[in-house]
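Numbering of ligands and ligand atoms starts at 1, following listing order. Just so you know, these numbers use all the heavy atoms, side chains as well, and skip hydrogens, waters and symmetry mates. All figures in this text were calculated on a predicted structure; none of them were measured in a lab.
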Amino acid sequence: MAELRELIRRHDHEYYDLDAPTIPDATYDALFAELRALEAEEPDLITPDSPTQRVGGGVSPLFAAVRHPTPMQSLDNVFDRDALTAWVQRIDTQIGTDPAFVCELKIDGLAISLQYENRRLVRAATRGDGRVGEDVTHNIATIDDIPGRLPPGAPDMLEVRGEVYLRDSVFDELNAARIEAGLVPFVNPRNTAAGGLRQKDPALTAQRRLSFWTYQVGQGTDGRNLGDGGVRRHSEVLETLAGYGFPVNPRIRTVEGRDAVVDYCVEALERRHDLDYEIDGVVVKVDDLSWRDELGSTSRAPRWAIAYKFPPEERTTHLIDIDVSVGRTGRVTPFAILEPVFVGGATVSRATLHNADQVAAKDVRPGDTVVVRRAGDVIPEVVGPVLDQRPENTPPWTFPARCPCPRHSVLQRPEGEADTRCVDPHCPFQQAGAIEHFTSRSGLDVEGLGPQRIAQLIDAGLLEDPAGIYTLDFDAVAELEGLREKSVQNLRAAIDASRDRPLEHLLVGLNIRHVGPAAAEALVARFSTMDRIMDASFAELAAIDGVGEVIASAVVDWFADPENVAIVERLRAAGLNFSAPVAEDEGLAKTLTGKAVVVSGTLEGFSRNEAVAAVKARGGTSPSSVSKSTFALVVGDSPGASKVDKAERHGVPIVDGDAFVRFLETGELPKADSAE
Ligand code: IVH
């Protein structure tokens, strides 16, 4: 127990005081839970200064100390649905009736207390150890979200609490600027916000462009002094604070019953990445303020609220080794081989390390304990090493000088470029990559021709490039080890069937840089045949919505290479589909030709696929994300917040679900409301 306390204190110090944690939150929570469990077994051994009895964090000598009028507490956590329903159940039993709960997102920032006197902000303080915090008034004054004055009607004395945080979009911008300036990027939005708030110079705080959500009034009154004194519920407190000009998170809901609490948490977890800020759970609070006194609190946390913490997106694991893979373009990518770890809803045993610079910047070494992150659908990433767990004398990793393929060609890294490449045109790994891509699902979708079979055919000298699959010597294939007659027949049939795949799949399969399904679809929609795409000029290509200059020049370059043209001609000779089918839906007016229309949320009368099909049937494209070349964003019920944010930022018009049918018919944007 003493060891755990010591360890937790050190991690508290790194997190709260230094704004530089060295372990993921989930690892910290596990240490905390372990200490809790031991203390529950041996209550006599609980010390008053145990981290379970107090709130983490301290006061830096750089800032004046501020005593909080009422302590700023922490929250108790639950980590799964069962523990959450058990908590709700306990409250239900204690209160006797089905009480209402306020469900709030748990914002991953740092807690702040704002003291107003005579309706002016006079002091702002961090939480510190819960009783004494740091005076950060000047820094808080740089945050636009926080009102400096309150409107008439607000109480003379008021303490408002909430979370200072950094928007993901601002975090990305700050980091882009840091990378540009040759500085080490910030690790995550929470530490960047905490570090920003604890600057000596407010001008530096201002540069971080911090934001704020309010969620509480100082516990002395709990808000019962607000308005005309008639406030009885937490939900009313939040409404009143919103009326005073404080930002209150729009996703806060008042719900009744266990199921509704659970539903809120499930939805918040599913949609956490639709937001422009980080959340790490949901906070559930009893709505009726009078129950707060009744339920009371421990020294550390109130009993009338609970934090439901999301499953971790960051975990530590062992880095077994670093290896490199050679892609279809010759790019050599280092990747981590990890002891399998369950993180972000999946078991991760490999993670890309991107390029030589990234490995050097992170300085991860085989043998290290590393932090692995997998957020939503994003590919897993190695965040960095846990340095104090590095075995002694662990040497840094060096990038291989030669290709790992049997030819061992010397690798090259062109001056000023991040990527290392194998430039040997006969590199079997590159050939394999190109063929795998050609036969993959987004390409020609040849069943039974996966990575292993392709490697076998290349090794046997039967296959060199994608077009080669149509002239395979099947007698020789039949001789290969482990291939039964039936498999050979199936392979032959699958290859034959692939000749009829739509032109856009063929285009994707050709392995032209940047040409994925969306670009291929846009090219086919505009030109209809391979020959017209081959002959198209840079200007014609770049003018297509969803293509643009980068893709256009990649297409022109690719078709300018005689070796590529030779492959195309062999594919033509093999009878592949070189033109788009003539549209059957001639009856529909092509109101959206060449326009990119993104659909988000549930529309009345259309499934998502139907809505996308309806746009395409009118000549449009329907990419899955908003960019500045998007013609319009159609929003139904519960649209993705990041899409809406992005549309607003790029000035992309938003079409309401109700106006969708008319929009399809006319292709015209609804007129903006003159009101508002
Ligand atoms: S209420 C006594 N509501 O979570 C209860 N806290 O782990 C005071 N937090 O220190 C906190 N979002 O920094 C509350 N909607 C929310 C919150 C929230 C984030 C933070 C806060 C608190 C920590 C506890």
Side-chain angles (χ1 to χ4, degrees), residues 8 11-12 15-16 19 21 25-26 28-29 32-33 36 51-52 54-57 68-79 87 101-114 124-131 133-134 136 145 159-166 189-191 193-194 197 210-223 234-235 237-238 241-242 246-255 261 264-265 268 272 275 277-287 289 291-293 295-310:
I8 291 171
H11 289 305
D12 272 345
Y15 183 93
Y16 290 110
D19 305 320
D25 290 355
Y28 175 90
D29 288 340
F32 203 91
R36 265 260 152 93
T52 58
R54 44 194 297 283
V55 169
H68 298 301
T70 47
M72 286 182 83
Q73 292 182 298
S74 191
L75 290 169
D76 282 336
N77 297 324
V78 287
F79 296 95
W87 180 83
F101 293 96
V102 178
C103 296
E104 304 179 4
L105 301 179
K106 187 169 188 304
I107 314 291
D108 200 4
L110 66 157
I112 283 292
S113 148
L114 306 170
T126 63
R127 187 174 68 170
D129 67 4
R131 299 180 180 282
E134 298 156 317
V136 288
D145 281 353
E159 188 203 350
V160 173
R161 293 178 179 176
E163 198 86 349
V164 168
Y165 69 98
L166 185 67
R190 191 255 159 215
N191 295 332
L197 201 57
L210 302 174
S211 303
F212 179 73
W213 294 121
T214 185
Y215 50 65
Q216 204 84 355
V217 161
Q219 274 136 302
T221 66
D222 275 348
H234 179 60
S235 47
V237 171
L238 296 177
L241 291 177
F246 288 97
V248 174
N249 191 286
R251 284 166 202 261
I252 294 177
R253 295 278 177 279
T254 309
V255 304
V261 170
Y264 183 94
C265 292
R272 67 185 295 191
L275 305 167
Y277 44 88
E278 307 272 303
I279 59 172
D280 57 349
V282 170
V283 183
V284 184
K285 302 174 180 173
V286 175
D287 192 22
L289 295 175
W291 278 102
R292 293 197 173 187
D293 312 328
L295 293 163
S297 59
T298 66
S299 56
R300 205 182 154 265
R303 290 204 185 84
W304 43 261
I306 195 83
Y308 163 72
K309 293 280 277 282
F310 291 155

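Using a 4.0 Å cut-off between heavy atoms, Leu75 contacts ligand 1 through both its backbone and its side chain. By the criterion of a heavy-atom distance under 4.0 Å, neither the backbone nor the side chain of Arg161 is placed next to ligand 1. When heavy-atom distances to ligand 1 are checked against a 4.0 Å cut-off, Ala111 comes that close through both its backbone and its side chain.
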- side-chain contact (heavy atoms from CB on, under 4.5 Å) between Thr126 and Ile112, worked out: CA-CA 5 Å; Thr126 63; Ile112 283 292; 4.2 Å; yes
- For Phe101 and Tyr264, what are the C-alpha separation, side-chain angles and deciding distance, and is it a side-chain contact (heavy atoms from CB on, under 4.5 Å)? CA-CA 11 Å; Phe101 293 96; Tyr264 183 94; over 6 Å; no
- Carefully, step by step, assess Thr214 and Leu114 under the rule side-chain contact (heavy atoms from CB on, under 4.5 Å). CA-CA 10 Å; Thr214 185; Leu114 306 170; over 6 Å; no
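Counting heavy atoms only, Lys285 comes closest to atom 3 (N) of ligand 1 of the residues Gln216, Lys285, Lys106, Arg300.
Heavy-atom separations between Ala307 and ligand 1 are all 4.0 Å or longer. Under a 4.0 Å heavy-atom criterion, Leu105 is in contact with ligand 1.
Numbered from 1 in the order shown, with element, the atoms of ligand 1 that lie under 4.0 Å from a heavy atom of Pro302 read 2 (C). Counting the atoms of ligand 1 from 1 in the order shown, those under 4.0 Å from a heavy atom of Arg127 are 10 (O). Atoms of ligand 1 lying under 4.0 Å from at least one heavy atom of Glu104, given by number and element, are 3 (N), 15 (N), 16 (C).
Between Ile107 and ligand 1, at least one pair of N/O atoms sits closer than 3.5 Å.
For the side chain to side chain contact (heavy atoms under 4.5 Å, CB included) with Ile252, the lone residue among Val283, Leu105, Leu238 that qualifies is Leu238.
Distance check, rounded to the nearest 0.5 Å: CD1 of Ile279 to OH of Tyr165 gives 12.0 Å.
Tyr28 and Asp12 share a donor-acceptor pair across their side chains, judged by distance under 3.5 Å alone. For the residue pair Glu163 / Tyr215, a side-chain donor-acceptor distance below 3.5 Å is found, with atom types taken as modelled.
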